[in-house]
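The block underneath contains the structure these notes are about, expressed in structure tokens.
Keep in mind that what you see is a predicted model, and the values were worked out from it rather than measured.
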Amino acid sequence: MWSAESVVSIAGKVADSDGVLEAHIALIRESDETTIWELNLEPNTATEQTFTSDFEIPGDAETGEYHFEMTATDASGNAMETGFHVEVE
């Protein structure tokens with residue numbers, strides 16, 4: 001569970017043996033699919049890219065369900081998506 005004005009730190013790696021063309025990470029409010037925060041990665045076909053980022057949940061964020069998702073496309077055009085649900089109180 002996350003709270004309004006909380007600072008969230010993320011770190012990870014995107015990797016693919018064919019090379020990663022692009023990757024996108026976002027926090028999306030489920031009630032209306034509004035993007036609250038996003039990060040675009042540009043690996044430019046590197047086989048892996050690490051990332052770190054801090055972001056703040058806005059003070060006026062609505063309470064409720066959100067999803068935190070990552071999408072990535074490899075150099076061959078294959079796309080994948082993963083994520084999880086969080087609650088903002």
Side-chain angles (χ1 to χ4, degrees):
M1 190 171 305
W2 293 343
S3 300
E5 298 182 344
S6 294
V7 174
V8 178
S9 298
I10 61 170
K13 176 173 65 173
V14 292
D16 189 280
S17 60
D18 291 329
V20 181
L21 183 61
E22 61 187 5
H24 180 253
I25 304 167
L27 177 66
I28 301 168
R29 185 172 51 228
E30 286 192 18
S31 64
D32 60 4
E33 295 297 314
T34 297
T35 299
I36 303 302
W37 173 86
E38 62 187 333
L39 174 66
N40 290 307
L41 303 174
E42 297 180 13
N44 297 320
T45 68
T47 56
E48 69 178 51
Q49 179 180 357
T50 58
F51 61 88
T52 59
S53 185
D54 295 330
F55 66 94
E56 183 176 338
I57 306 294
D60 61 353
E62 294 178 14
T63 59
E65 296 290 321
Y66 289 71
H67 51 271
F68 191 79
E69 64 182 42
M70 177 180 203
T71 57
T73 305
D74 71 11
S76 297
N78 301 305
M80 65 73 87
E81 181 177 321
T82 188
F84 58 90
H85 292 271
V86 296
E87 186 173 332
V88 172
E89 61 174 24

side-chain contact (heavy atoms from CB on, under 4.5 Å) between D18 and T45, intermediate numbers included: CA-CA 8 Å; D18 291 329; T45 68; over 6 Å; no
side-chain contact (heavy atoms from CB on, under 4.5 Å) between D54 and V8, worked out: CA-CA 6 Å; D54 295 330; V8 178; over 6 Å; no
Evaluation steps, side-chain contact (heavy atoms from CB on, under 4.5 Å), between I25 and F68: CA-CA 7 Å; I25 304 167; F68 191 79; 3.6 Å; yes
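Remark: A72 pairs with A23, M80 by the side-chain contact (heavy atoms from CB on, under 4.5 Å) rule, at least two apart or across chains.
No side-chain heavy atom of L21 sits less than 4.5 Å from a side-chain heavy atom of N44. Residues F51 and M70 are in side-chain contact: their nearest non-hydrogen atoms beyond the backbone lie under 4.5 Å apart. Taking the side chain as every heavy atom from C-beta outward, E22 and E42 never approach each other to under 4.5 Å. When side chains are defined from C-beta on, E56 does not count as touching S6, because their heavy atoms never get closer than 4.5 Å. With contacts defined as side-chain heavy-atom distances shorter than 4.5 Å, the pair E81/E69 qualifies.
Under the side-chain contact (heavy atoms from CB on, under 4.5 Å) rule, P43 has a single partner from T50, V20, D16, which is V20. Screening E65, E38, E33 for a side-chain contact (heavy atoms from CB on, under 4.5 Å) with I28, the sole residue that qualifies is E33. Applying side-chain contact (heavy atoms from CB on, under 4.5 Å) to F55 and the options I10, V7, I36 leaves one that passes, I10.
Considering OG1 of T34 and OH of Y66, their distance stands at 8.5 Å, rounded to 0.5 Å. From T73, atom OG1 reaches atom NE2 of H24 across 11.5 Å, with rounding to the nearest 0.5 Å. Within the model, atoms NE2 of H67 and CZ of F84 stand 11.5 Å from one another, a figure rounded to the nearest 0.5 Å.
Judged purely by distance below 3.5 Å, without hydrogens or angles, the side chains of S76 and N78 never pair a donor atom with an acceptor atom.
Residue L39 comes nearest to S53 through the heavy atom pair CD2-CB, 4.0 Å, listed as atom of the first residue, atom of the second, then distance. Across all their heavy atoms, I57 and S3 have their closest contact at CB-O, 3.5 Å. The two residues G59 and A4 make their nearest non-hydrogen contact at O-CB, 3.7 Å. Residues M1 and E89 approach most closely at SD-OE1, 2.6 Å, considering heavy atoms. Residue L41 comes nearest to Q49 through the heavy atom pair CB-OE1, 4.1 Å, listed as atom of the first residue, atom of the second, then distance.
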